[in-house]
There are 2 protein chains.
Amino acid sequence: MRERKKQYFHPIEVTLDVVCGKWKGVILCLLQEKDYRFGELKDQLYSVTPKVLTQQLRELEEDGLIKRTVYAQVPPKVVYSLTPYGKDLEGTLRMMEKWGQAHQEKVGVNFNEEVSEAELS
Amino acid sequence: MRERKKQYFHPIEVTLDVVCGKWKGVILCLLQEKDYRFGELKDQLYSVTPKVLTQQLRELEEDGLIKRTVYAQVPPKVVYSLTPYGKDLEGTLRMMEKWGQAHQEKVGVNFNEEVSEAELS
DNA sequence: CAGGATCCACTTGGATACTG
DNA sequence: CAGTATCCAAGTGGATCCTG
């Protein structure tokens with residue numbers, strides 16, 4: 001578990017504290033559907049650097065939301081999956097997703113739906 | 001509306017972007033129940049400074065979640081309330097609250113349930 | 001392949017003091 | 001009462017390069 005030094009005044013702070021990292025929300029959403037290898041996650045979040053991705057994953061792991069499985073082989077293979085505990089967040093994540101979608105449509109937030117051809121090569 | 005420069009890759013990022021400020025979650029939860037004056041909010045979040053509280057409130061306002069009503073009187077009175085749009089977050093907030101509570105009980109997160117006597121005086 | 005190590009820029013929030 | 005104005009420390013994420 002991640003060492004939490006701070007004192008909370010409201011339960012929602014706990015959830016936000018666990019979910020509010022630059023990439024944590026998306027990572028958790030992705031993992032709801034299937035397990036991912038490190039490199040696969042990196043591709044999905046394509047602008048993330050390995051260092052930061054590792055950070056985010058470690059914190060999620062320390063908070064008990066995801067599990068890291070290492071396959072002893074060369075080249076290495078590491079798979080990230082949700083713990084049962086992490087799966088409990090699914091309903092919440094879906095609602096946040098839905099609200100975000102509504103907000104997006106309302107406000108006209110820009111999404112990157114496609115990566116440019118140059119970046120795909 | 002707050003100017004969002006960033007590009008989103010997933011709807012949940014929008015929600016997180018709007019809700020992930022140090023005090024935003026709690027503020028929104030409080031406002032679900034009743035309207036609050038600036039000073040009342042400051043008391044509830046008692047360690048927040050006026051500057052930061054103002055920042056958080058302004059951003060929530062720019063994102064269309066809360067409304068700021070100024071009463072032309074001396075001394076000034078400013079009331080913050082949820083917009084209908086902000087109320088749409090209620091279900092989501094409740095779920096986050098509930099999960100946070102469970103996480104708290106599981107992990108043993110420390111809550112400040114009471115303020116010390118010294119600070120109350 | 002899945003990272004670790006360094007160094008660095010920027011953002012966020014807090015301390016303190018002041019005001020219409 | 002409800003903020004502003006300044007200044008500043010810490011945190012957070014990114015760039016770049018290296019490795020078992």
**Item:** Donor-acceptor pair, side chain of B:Thr15 and main chain of A:Gly100, under 3.5 angstrom
**Value:** yes
**Prompt:** Does any donor atom in the side chain of B:Tyr8 or B:Asp17 lie under 3.5 Å from an acceptor atom in the other side chain?
**Reply:** yes
**Fill in**
Rounded to whole Å, CG of A:Asp35 lies from P of C:dA2 at a distance of 13 Å
**Prompt:** When you measure from the side chain of A:Pro75, which nucleotide among C:dC1, D:dA2, C:dG3 comes out closest?
**Reply:** C:dC1
**Asked** Over how many whole Å does the gap from B:Phe38 atom CZ to D:dA2 atom P extend?
**Response** 8 Å
**Fill in**
To the nearest angstrom, the CG-P distance between A:Leu53 and C:dG3 comes to 8 Å
**Message:** Counting only side-chain nitrogens and oxygens, does B:Arg37 get under 4.0 Å of the OP1 or OP2 atom of D:dA2?
**Reply:** yes
**Request:** Using a cut-off of strictly less than 4.0 Å, decide whether A:Arg58 has a side-chain nitrogen or oxygen near OP1 or OP2 of C:dG3.
**Result:** yes
**Message:** With a cut-off of less than 4.0 Å, is there a side-chain N or O of B:Arg68 near OP1 or OP2 of D:dG3?
**Reply:** yes
**Prompt:** Starting at OH of A:Tyr46 and ending at P of D:dG13, how long is that distance when rounded to a whole Å?
**Reply:** 18 Å
**Prompt:** For the helix from C:dC1-D:dG20 to C:dG20-D:dC1, what is the angle between the axes at its two ends, each from 5 pairs, rounded to 10°?
**Reply:** 60°
Just the table, please: protein N/O against nucleotides 12-16 of chain C N/O, every pair under 3.5 Å.
residue, atom, partner, partner atom, Å
C:dG13, OP1, B:Lys22, N, 2.7
C:dG13, OP2, B:Gln56, NE2, 3.1
C:dG14, OP1, B:Lys22, NZ, 2.3
C:dG14, OP2, B:Trp23, NE1, 3.2
C:dG14, N7, B:Lys51, NZ, 3.1
C:dG14, O6, B:Lys51, NZ, 2.1

**Message:** Check this for me: B:Lys77, atom NZ, are more than 12 non-hydrogen atoms of other residues, nucleotides or ligands nearer than 6.0 Å?
**Reply:** yes
**Prompt:** Within the pair A:Tyr36 and C:dC1, is there a side-chain N or O less than 4.0 Å away from OP1 or OP2?
**Reply:** no
**Request:** Take B:Arg94 and B:Glu90 through the test salt bridge (charged side-chain N to carboxylate O under 4.0 Å, His left out) and record every step on the way to the result.
**Result:** CA-CA 6 Å; B:Arg94 292 259 178 270; B:Glu90 175 154 18; 3.1 Å; yes
**Message:** Students often get this wrong, so: under 4.0 angstrom with heavy atoms, is B:Lys77 touching a base, only sugar-phosphate, or nothing?
**Reply:** sugar-phosphate
**Complete:** Here the distance between atom P of D:dA2 and atom OH of B:Tyr80, to the nearest Å, is 9 Å
**Message:** Just the rounded figure in Å: distance from P of C:dG3 to CG of A:Leu45.
**Reply:** 14 Å
**Prompt:** Out of D:dA2, D:dG3, C:dG4, which nucleotide sits closest to the side chain of B:Pro76?
**Reply:** D:dA2
**Prompt:** How close or far is atom P of D:dT12 from atom CG of A:Leu57, stated in whole angstroms?
**Reply:** 16 Å
**N-O pairing of B:Lys24 and B:Glu59 below 4.0 Å** = yes
**d(CD, A:Glu40; C1', C:dC1) in whole Å** = 12 Å
**Message:** Donor-acceptor pair, distance only, cut-off 3.5 Å: does the side chain of A:Gln32 make one with the backbone of A:Cys29?
**Reply:** no
**Request:** Please determine which of A:Ile27, A:Asp35, A:Leu41, A:Leu60 meets the side chain to side chain contact (heavy atoms under 4.5 Å, CB included) test together with A:Tyr80.
**Result:** A:Leu41
**Message:** Pair A:Met96, B:Met96 - check side-chain contact (heavy atoms from CB on, under 4.5 Å), show working.
**Reply:** CA-CA 10 Å; A:Met96 297 179 68; B:Met96 296 178 71; 4.2 Å; yes
**Asked** So what does A:Tyr71 touch, heavy atoms closer than 4.0 Å: a base, only the sugar-phosphate, or nothing?
**Response** nothing
**Asked** Can the positive tip of A:Lys42 be found less than 6.0 Å from the middle of the six-membered ring of A:Tyr46, inside 45° of the ring normal?
**Response** no
**Request:** Flag yes if more than 12 heavy atoms outside A:Lys98 fall under 6.0 Å of its NZ atom; otherwise flag no.
**Result:** no
